[in-house]
2 protein chains.
Amino acid sequence: MKAAPQGTARRAEIVAAAARLFDERGYHATSMDDIAAAVGIKKPTLYHHVQSKTQIVIWIHDELVHDLTDRLEQRVADKLPRAEILLRVMDDILGLLETRPGHLRVYFEHHREIPGEEGRVAREMRDRYTETVRQLIEEGAAAGEFRVENPGLTTFAFFGMCNWAYQWYRPGGPLTHQVIARYFWQIFMSGIATGPEVLEGHADRLDV
Amino acid sequence: MKAAPQGTARRAEIVAAAARLFDERGYHATSMDDIAAAVGIKKPTLYHHVQSKTQIVIWIHDELVHDLTDRLEQRVADKLPRAEILLRVMDDILGLLETRPGHLRVYFEHHREIPGEEGRVAREMRDRYTETVRQLIEEGAAAGEFRVENPGLTTFAFFGMCNWAYQWYRPGGPLTHQVIARYFWQIFMSGIATGPEVLEGHADRLDV
DNA sequence: CAACACCGACCGACCGGACGGTCGTGTCGT
DNA sequence: ACGACACGACCGTCCGGTCGGTCGGTGTTG
């Protein structure tokens, strides 16, 4: 049971500061003292607002996963074209790198640190998100929109493109997340080969 | 009575065990005691073979980056078709998930823990690898093989697909890394859309 | 072939420091 | 006078790393 959303401003501040520090220095290289200092308070005061370090990770994780899930399910409910939903999913994820800096790294690299029941729930939420996209792709294939042999693998390729961005994307660059999302979506939809002749010949023997 | 493996063998054993533990439990959740136990020795003996925990990370990192770089540059020197080199790069990376389990996670998530000069060199090696692929893509574009507006972004999309695999791929599944590499390469080259009509209409207003 | 020096692999016990977390207390605004 | 917010001082633990020493094998020397 959690306290009712009371010190919401402080809490948001703490989550944002922690996520940024975790992103920059790494989770284990960031002490509770560091987080407190970043918010302008001392450690015991930080513990007045927060139960544990793990709880901050859980907050970061939950904020992200709810944000993403809400948007995705709204679009599915609105019955947007499948290809467009995929485009927007990419944009959602890339956009988070600007609106919630640091959150994605925690989400991808530290979700395993959430123990017990809360960890189970957290991982369930991510699976649900992935599964929704997988179904979208599968339905698109059944409808003849997509050429998909293995929906699971295709989903992994899809998420790989945009999820990987947390490793290199930094806000403030020349390209907005909207532009990047559109670009990746184009590749995912149409590929980069100019013609079939580019693909011929080298299909065999990957073993050597 | 059992003949203790000597010198380099021990070192390889340590690197392999450490990488596997780092992958399973996380780097910071794995103590030097754990690593020692996994090799069947005690901590002081481990330190007889190893300078520091950081050094193990460096070893893991270097093994991987040299392995990848050697293969890639050999293929460039052999003047294989560019599309085929890309296919093989994907297969190299996916293959490492089997031949060097755990190494990729350390490579991606903990390279920032290598400090000072050695960290600089390590990061230079990765950049060189990425840059080689980027040039390959750029040349392919100039040669009319690939349709590429932004080679840098295209490279990120390419690596995203295969690098992300360390998050979900587990050896022993129904699909070999060769099959997955081919599959991802197909998507990267040709996309999944069955026709241009799938792409039309939803190109504007990503802002909302 | 003994006596001895040397050496690499090995380990029990220990150190120093960092870090997550707590306690008791003070200080406001209401 | 009460709760929310703040803090200095402190605790227990864990962990990277070290110290001093044992053991067994391998020359080397008379």
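Order of the sequence lines sets the chain letters (A, B, ...), proteins ahead of strands, with each chain counted from 1. Remember, it's a predicted structure, so these values are computed and weren't measured experimentally.
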- Can you tell me the distance, in whole Å, between the CD atom of A/Gln51 and the C1' atom of C/dG21? 12 Å
- Message: Distance check needed: D/dG16 C1' versus B/Gln55 CD, whole Å only.
- Response: 14 Å
- Test log, rule salt bridge (charged side-chain N to carboxylate O under 4.0 Å, His left out), inputs A/Asp91 and A/Arg182: CA-CA 8 Å; A/Asp91 188 53; A/Arg182 178 87 43 83; over 6 Å; no
- Query: Whole Å only: how far is the OH atom of A/Tyr47 from the P atom of D/dC11?
  - Reply: 18 Å
- Query: If you check every side-chain atom of B/His48, which of C/dT22, C/dG8, D/dG16 has the closest atom?
  - Reply: C/dG8
- Item | Axis-to-axis angle between the two ends of the helix from C/dC1-D/dG30 to C/dT30-D/dA1 (five base pairs per end, rounded to 10 degrees) | 10°
- Pull out every residue in residues 37-45 of chain A that has a heavy atom closer than 4.0 Å to any atom of DNA chain D, ordered by number, or say none. A/Ile41, A/Lys42, A/Pro44, A/Thr45
- Within residues 27-35 of chain B, residues whose heavy atoms come under 4.0 Å of DNA chain C: none
- Item | Any A/Arg11 side-chain nitrogen or oxygen under 4.0 Å from OP1 or OP2 of D/dC5 | no
- Task: Please say whether the positively charged group of A/Lys53, taken as NZ for Lys or CZ for Arg, lies over the ring of A/Tyr27, i.e. under 6.0 angstrom from the six-membered ring centre and within 45 degrees of the axis.
- Result: yes
- Message: Just so I know, are the side chains of B/Leu87 and B/Met189 near enough to count as touching, which here means a heavy-atom distance under 4.5 Å?
- Response: no
- Message: Can a side-chain donor-acceptor contact be found between B/Asp34 and B/Ser31 if the only test is distance below 3.5 angstrom?
- Response: yes
- Query: Could you state the CD1-P distance from B/Ile56 to D/dG16, rounded to the nearest angstrom?
  - Reply: 10 Å
- Query: Who pairs with B/Glu117 by salt bridge (charged side-chain N to carboxylate O under 4.0 Å, His left out), at least two apart in sequence or on another chain?
  - Reply: B/Arg120
- Message: In whole Å, I'd like the distance from the CG atom of B/Leu46 to the P atom of C/dC11.
- Response: 11 Å
Would you tabulate the side-chain donor-acceptor contacts of residues 17-24 of chain A under 3.5 Å, counting partners in other chains and residues two or more places apart, or write 'none'?
| residue | atom | partner | partner atom | Å |
| --- | --- | --- | --- | --- |
| A/Asp23 | OD1 | A/Arg105 | NH1 | 2.9 |

- Item | Cationic tip of B/Arg134 above B/Phe159 ring, under 6.0 Å, 45° of axis | no
- Message: Does this structure show an ion pair linking B/Lys42 with B/Asp33, if we count only N-O contacts that are shorter than 4.0 Å?
- Response: no
- Task: Would you please classify the geometry between the B/His111 ring and the B/His61 ring as parallel, tilted or perpendicular, with 30° and 60° separating the classes?
- Result: tilted
- Message: A/Asp70: which residues meet the side-chain contact (heavy atoms from CB on, under 4.5 Å) condition with it, sequence neighbours left out?
- Response: none
- Message: Suppose we call two aromatic rings close when their centres sit under 6.0 Å apart. Are A/Phe108 and A/Trp164 close by that rule?
- Response: no
